[in-house]
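These numbers come from the heavy atoms of this one structure, side chains and all, not from hydrogens, waters or symmetry mates.
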Amino acid sequence: MKTKEIQNQIRSIASEMNWKLPKVAEVLFVALNEDDASINEQMAINIFYEKLKGQLKRETTSSDLLNKYLNIMTNHPVYIKSNVVVPKYIFSNSISDALRSEMEITSKNITLSIRGDDL
């Protein structure tokens with residue numbers, strides 16, 4: 001999945017769970033730093049929040065890092081109890097590139113019509 005698509009997916013999940021970006025940053029920070037005992041955790045979360053804002057805007061953000069964030073969010077207990085579903089594409093050689101491309105366009109159009117915004 002491309003960086004922009006993962007960024008949009010992170011925003012979409014956050015929106016579906018009624019989480020503002022500071023909450024997303026807190027959840028991710030705690031999950032990524034559960035071994036660190038921080039004296040001023042709230043200050044560290046605020047710093048991470050600012051970093052996350054940039055990572056969700058830049059097209060150069062590593063898709064591996066964004067997928068890590070996505071994995072943390074989708075394994076969070078609030079997400080697990082919710083009705084939010086994250087589609088996952090699994091590559092297959094059984095269809096042609098042209099058909100795959102058309103299916104991607106159709107899927108994006110369906111998502112746009114459901115969400116009512118741009119990807």
Side-chain angles (χ1 to χ4, degrees):
M1 208 178 331
K2 295 177 185 171
T3 295
K4 194 77 171 159
E5 292 168 338
I6 302 168
Q7 290 168 328
N8 286 329
Q9 203 167 25
I10 288 171
R11 286 188 196 96
S12 178
I13 290 171
S15 175
E16 291 292 328
M17 295 173 59
N18 293 317
W19 286 357
K20 301 264 187 238
L21 196 54
K23 176 65 177 178
V24 174
E26 179 183 344
V27 167
L28 294 175
F29 179 84
V30 170
L32 293 168
N33 298 287
E34 54 190 45
D35 295 336
D36 296 340
S38 178
I39 296 171
N40 193 346
E41 188 173 282
Q42 190 57 49
M43 183 188 298
I45 290 171
N46 289 340
I47 291 169
F48 181 78
Y49 162 71
E50 293 298 327
K51 186 175 167 181
L52 178 63
K53 277 196 318 188
Q55 291 170 334
L56 292 178
K57 291 178 184 175
R58 284 190 299 275
E59 291 185 26
T60 56
T61 303
S62 161
S63 60
D64 290 340
L65 178 63
L66 294 171
N67 276 318
K68 185 175 184 177
Y69 292 169
L70 203 53
N71 188 44
I72 290 168
M73 292 174 70
T74 57
N75 285 305
H76 191 277
V78 172
Y79 177 86
I80 292 170
K81 292 178 185 177
S82 75
N83 291 327
V84 180
V85 177
V86 176
K88 182 174 182 176
Y89 175 74
I90 299 172
F91 180 81
S92 172
N93 285 324
S94 62
I95 60 174
S96 70
D97 289 340
L99 179 57
R100 183 177 301 107
S101 177
E102 288 300 317
M103 289 174 66
E104 181 180 351
I105 291 167
T106 301
S107 177
K108 284 183 180 182
N109 287 334
I110 291 169
T111 301
L112 285 172
S113 68
I114 291 170
R115 288 182 22 198
D117 62 0
D118 293 323
L119 285 178

**Asked** Say you draw a straight line from OG1 of Thr74 to CE of Met17; how long is it, rounded to the nearest 0.5 Å?
**Response** 9.5 Å
**Prompt:** Which atom pair, heavy atoms only, marks the closest approach of Leu66 to Ile10?
**Reply:** O-CD1, 3.6 Å
**Message:** So, taking the atom named CD in Gln55 and the one named CG in Leu28, what distance separates them when rounded to the nearest 0.5 Å?
**Reply:** 9.0 Å
**Request:** State plainly whether one hydrophobic cluster holds both Leu21 and Val78, where clusters connect Ile, Leu, Val, Met, Phe, Trp and Tyr through side-chain heavy atoms under 4.5 angstrom apart.
**Result:** yes
**Asked** Does the side-chain contact (heavy atoms from CB on, under 4.5 Å) test come out yes or no for Glu41 and Val30, once each step is laid out?
**Response** CA-CA 9 Å; Glu41 188 173 282; Val30 170; 4.2 Å; yes
**Request:** Specify the closest pair of heavy atoms between Met103 and Ile95, including all atoms of both residues, with the distance to one decimal.
**Result:** SD-CD1, 3.9 Å
**Asked** Would the number of heavy atoms belonging to other residues, nucleotides or ligands and lying under 6.0 Å from CD of Glu50 be above 12?
**Response** yes
**Gap separating the CZ atom of Phe29 from the CG atom of Leu52, nearest 0.5 angstrom** = 12.5 Å
**Message:** Let me confirm one number: the NZ-NZ distance from Lys57 to Lys4, rounded to the nearest 0.5 Å.
**Reply:** 10.5 Å
**Any side-chain donor near an acceptor of the partner, Asn46 and Gln42, under 3.5 Å** = yes
**Rounded distance [0.5 Å steps], CG in Leu56 versus OG1 in Thr61** = 7.5 Å
**Request:** For residues Thr3 and Arg58, report the shortest heavy-atom separation together with the two atoms involved.
**Result:** CG2-O, 3.9 Å
